[in-house]
A.B. asks: 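Quick one: this structure, given as structure tokens, is what I'll be asking you about.
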Amino acid sequence: MASSFSRILSSKRTIGVLTFVGSSVTAGLLLHREHVSAGNPVRRSYPASAEYPDLRQHNNCMATHLTPAIYAKLCDKATPNGYTLDLAIQTGVDNPGHPFIKTVGMVAGDEESYEVFADLLDPVIKERHNGYNPSTMKHPTDLDASKIHSGNFDSRYVLSSRVRTGRSIRGLSLPPACTRAERREVERVVVDALAGLKDDLDGKYYSLTQMTDKEQQQLIDDHFLFDKPVSPLLTCAGMARDWPDARGIWHNNEKTFLVWVNEEDHTRVISMEKGGNMKRVFERFCKGLKEVERLIQERGWEFMWNEKLGYILTCPSNLGTGLRAGVHVKLPLLSKDPRLVKILENLRLQKRGTGGVDTAAVGGVFDISNLDRLGLSEVQLVQTVVDGVNYLIECEKRLEKGQDIKVPPPPLKQFK
Amino acid sequence: MAKNCHNDYKMKFTGEEEFPDLSLHNNHMAKVLTKEIYGKLRGKSTPSGFTVDDVIQTGVDNPGHPFIMTVGCVAGDEECYEVFKDLLDPIISDRHGGYKPTDKHKTDLNFENLKGGDDLDPNYVLSSRVRTGRSIKGFTLPPHNSRGERRGIEKLSIEALASLDGEFKGKYYPLNGMTDAEQDLLINDHFLFDKPVSPLLTCAGMARDWPDGRGIWHNDNKTFLVWVNEEDHLRVISMQLGGNMKEVFRRFCVGLKKIEEIFKKHNHGFSWNEHLGYILTCPSNLGTGLRGGVHVKLPKLSTHAKFEEILTRLRLQKRGTGGVDTASVGGVFDISNADRLGSSEVDQVQLVVDGVKLMVEMEKKLEKNESIDGMIPAQK
């Protein structure tokens, strides 16, 4: 629950400006949301109108909402770490649009970006997250896996189950902006904490710079190894700088709990297993996350979180829960049914190919996961996936018997 | 441009904590950058806000190239070569044959000083080309410039080029807003440059905001071409089919001088100093920034055991016909001068003319199954 977190928020002294004591960062400090002050103002030789990007060919959320007026208002501002609007939007300027999905088109360089550039980020967040309004709404965090029901799928259909999220370490800049020293500090903090995990979570860290060829091959075979980002959406945002310095993969001995360090976020946390026991996957997910959180807190660190935006991550699309819960599921008959798109839409689910985002389905096997991230809790989203996948399996079974299927009613509008 | 706020923030970490891991690297920057040099330079920034981390990022991100020893750093503005001289001087020395910080570079764009060059055998020499780059004083360079600056460079360039006439009368095609027909024609003419995909360039930030502010100008005869805001502010190219390098060089020199005069009139001359010659983004292009070359058929010579050595002695380099980073096709090579700094434009084109002439003669000998051992030149 968020309650343990809010206890920390209320008990620590609030501080106006994020500062670092001495030359090395040994403990993260808490930042109170309302008192973010900008860093040194950015000096320009050209007026904002001469610098405003040409977005006429563009179709991403940033391009939709960055008016010349908002640009002029924000272009001189910087976060305390020196991150600027131009840096935040660079990826959206460089990547006009994706053929299948409307991309976000901007990133955060640090926690304060969401505050300093709120005039742009709030409408972007609202568009991306179904009307969620950060200035008026609160995001619920709920990591109590016991609340999930019917979370064990028919394994004749569900081949594997997986839940992932991201976590950022408060006090350190995010991947688009972090310096080499900060990135190494993230690695140190996280690896230190993971070393404290025990029992079914006992595991090992493999640094990308130091892994042996044998270890690398094993990680590839396990489908655990992540590659240097090649997508221009990520490289234009500066996330691949200094690769592979301070990047690595940790996983437990059972290979069911996995943490990526310093890829697109400080950490990506993944719980997975073959078969359809989503409930167990989610239980491990919650337990692991809470343990890691406890371990970093023991050392004076915490995750970036606030009650408006939930967990703070690099891409605004991952705010809130940052959670993608999904299955690989065999739906050969349903995959040919023209109603599938509508069914998924009404179940608040999305389909991807089994290679992940940007891939196509193979042999009627889909990656089905939740669409939403922000404004609903982890428990709510996982239950949505559970209910939705059960419904899809029912449809497939009916089609097998030659029976008709129904498109479920759309959900009630959440955030208007 | 903006003051680099991020550098103040970075100074809160020690040089040790920030020093890049260069253990797997093989580029000029990695060979020169020590913790001492990094420690000395990391607190500095040029007036426009470029820092040593900005200079080296491309070299950190790109450990090494399989065929060539890359430079591994770029300049963000003219002042970089002064502010970061502790790093850049040794790199320049390594890259440019021992060029010292006290050396002076000679500029010679008098085409009349070139001897010969009008008689390269067109049965072998398919095309001739001379290119260079120019930076416009008062603007930061492609790794660093803002959209406003880049557009300013484009605007100034369009004005300057529009005033050319005679054999240099031509037209500007902005990359943004080119029609499909125009684009196809430019591709067919081999004029159109693409968004950089090489990580050597993208990691240095040169592809930002593409294609904003970029374009191509060429004369009506299609023999003189200017790229605006690609890897440098301007890349100036003179080219034609066949082997008349003399004519290509004449047009090159005359055209460049005309363009330079126009920019000077607008109070934005070209960046140049007597130590480094013409200031460009990549330290490898300092001096003349000149690459004079031909596409030449050398199927037999190129497979000869001494081919590489001959090239080295002639102070020439080979590339595939797609340019740097490509392989040769059908025995046709792109042969050009290897040097840029410490010798003049005339010197460098003379080497190409003389060297290619010799290599074509060698090719002809090899066709007749005769030995070329007696023709191997001394080191130039």
Side-chain angles (χ1 to χ4, degrees), chain A residues 18-25 38-57 75-76 78-84 86-87 90-91 93-96 109-110 173 177-182 184-185 209 228 230 232 235-236 238 240-246, chain B residues 1-24 38 42 47-49 51 53-54 56-63 138-140 145-152 155 174-177 195 197 199 202-205 207-213:
Chain A
L18 189 68
T19 57
F20 284 92
V21 178
S23 61
S24 84
V25 180
N40 299 320
V42 172
R43 280 189 287 114
R44 296 187 165 277
S45 20
Y46 287 80
S49 55
E51 297 286 5
Y52 182 74
D54 181 348
L55 301 171
R56 290 172 296 171
Q57 318 283 345
C75 68
D76 288 338
T79 67
N81 301 344
Y83 198 69
T84 62
D86 279 331
L87 291 169
Q90 189 68 61
T91 178
V93 176
D94 289 345
N95 298 288
D110 49 28
S173 305
C178 64
T179 72
R180 281 181 294 272
E182 286 189 288
R184 292 162 179 171
E185 187 77 341
T209 52
K228 178 171 176 172
V230 291
T235 56
C236 293
R241 285 170 307 126
D242 314 311
W243 201 275
D245 195 322
Chain B
M1 238 330 256
K3 178 181 186 320
N4 192 330
C5 313
H6 202 70
N7 209 47
D8 293 345
Y9 168 75
K10 210 183 285 179
M11 293 308 293
K12 292 172 178 165
F13 299 95
T14 66
E16 181 77 40
E17 287 167 330
E18 288 289 359
F19 191 74
D21 180 352
L22 301 171
S23 48
L24 298 174
Y38 184 73
R42 65 187 294 251
S48 76
T51 66
D53 281 315
D54 294 324
I56 67 172
Q57 188 67 59
T58 180
V60 175
D61 289 344
N62 297 291
F139 293 92
T140 63
N145 55 24
S146 68
R147 283 180 293 273
E149 283 194 283
R150 202 184 297 112
R151 291 162 179 170
K155 182 158 177 286
L175 249 56
N176 212 1
K195 178 171 176 172
V197 291
T202 55
C203 293
R208 287 172 303 126
D209 313 312
W210 203 273
D212 195 321

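No experiment lies behind these values; they were computed from the predicted model shown. Sequence lines set the chain letters: A, B, ... in the order given, protein chains first and strands last, and positions in each chain run from 1.
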A.B. asks: A:E182 and B:Y9: side-chain contact (heavy atoms from CB on, under 4.5 Å), yes or no, with the steps?
C.D. replies: CA-CA 11 Å; A:E182 286 189 288; B:Y9 168 75; 2.3 Å; yes
A.B. asks: Taking salt bridge (charged side-chain N to carboxylate O under 4.0 Å, His left out) as the test, write out the residues that go with B:K195, two or more places apart.
C.D. replies: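 None.
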A.B. asks: Can you tell which part of B:D212 gets under 4.5 Å to a heavy atom of chain A, answering side chain, backbone, both or neither?
C.D. replies: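 When you check distances to chain A, only side chain atoms of B:D212 fall under 4.5 Å.
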A.B. asks: Name the region of B:N176, side chain, backbone, both or neither, that has any atom closer than 4.5 Å to a heavy atom of chain A.
C.D. replies: side chain
A.B. asks: I need the minimum non-hydrogen distance between B:D61 and A:W243, along with the two atoms involved.
C.D. replies: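 Heavy-atom minimum between the residues: OD1-N, 4.1 Å.
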A.B. asks: For chain A, which candidate among B:Q57, B:E16, B:R150 shows the most heavy-atom pairs at distances under 4.5 Å?
C.D. replies: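 Highest number of heavy-atom pairs under 4.5 Å: B:Q57.
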A.B. asks: Side-chain contact, heavy-atom cut-off 4.5 Å: A:Q90 with B:R208?
C.D. replies: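 In short, these two side chains touch, coming nearer than 4.5 Å.
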A.B. asks: With sequence neighbours excluded, tell me which residues meet salt bridge (charged side-chain N to carboxylate O under 4.0 Å, His left out) with A:D242.
C.D. replies: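 A:D242 satisfies salt bridge (charged side-chain N to carboxylate O under 4.0 Å, His left out) with A:R180, A:R183 once adjacent residues are dropped.
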A.B. asks: Can you name the closest pair of heavy atoms from A:E51 and B:G148 and give their distance?
C.D. replies: OE1-N, 2.6 Å
A.B. asks: Can you say whether B:I56 sits under 4.5 Å from chain A via the side chain, the backbone, both, or neither, judging by heavy atoms?
C.D. replies: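 Contact with chain A is through the side chain of B:I56 alone.
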A.B. asks: Do NZ/NE/NH1/NH2 and the carboxylate oxygens of B:R147 and A:D86 come within less than 4.0 Å?
C.D. replies: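 Looking at B:R147 and A:D86, the cut-off is met.
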A.B. asks: Which atoms of A:A246 are under 4.5 Å from chain B, going by heavy atoms: the side chain, the backbone, both sets, or neither?
C.D. replies: neither
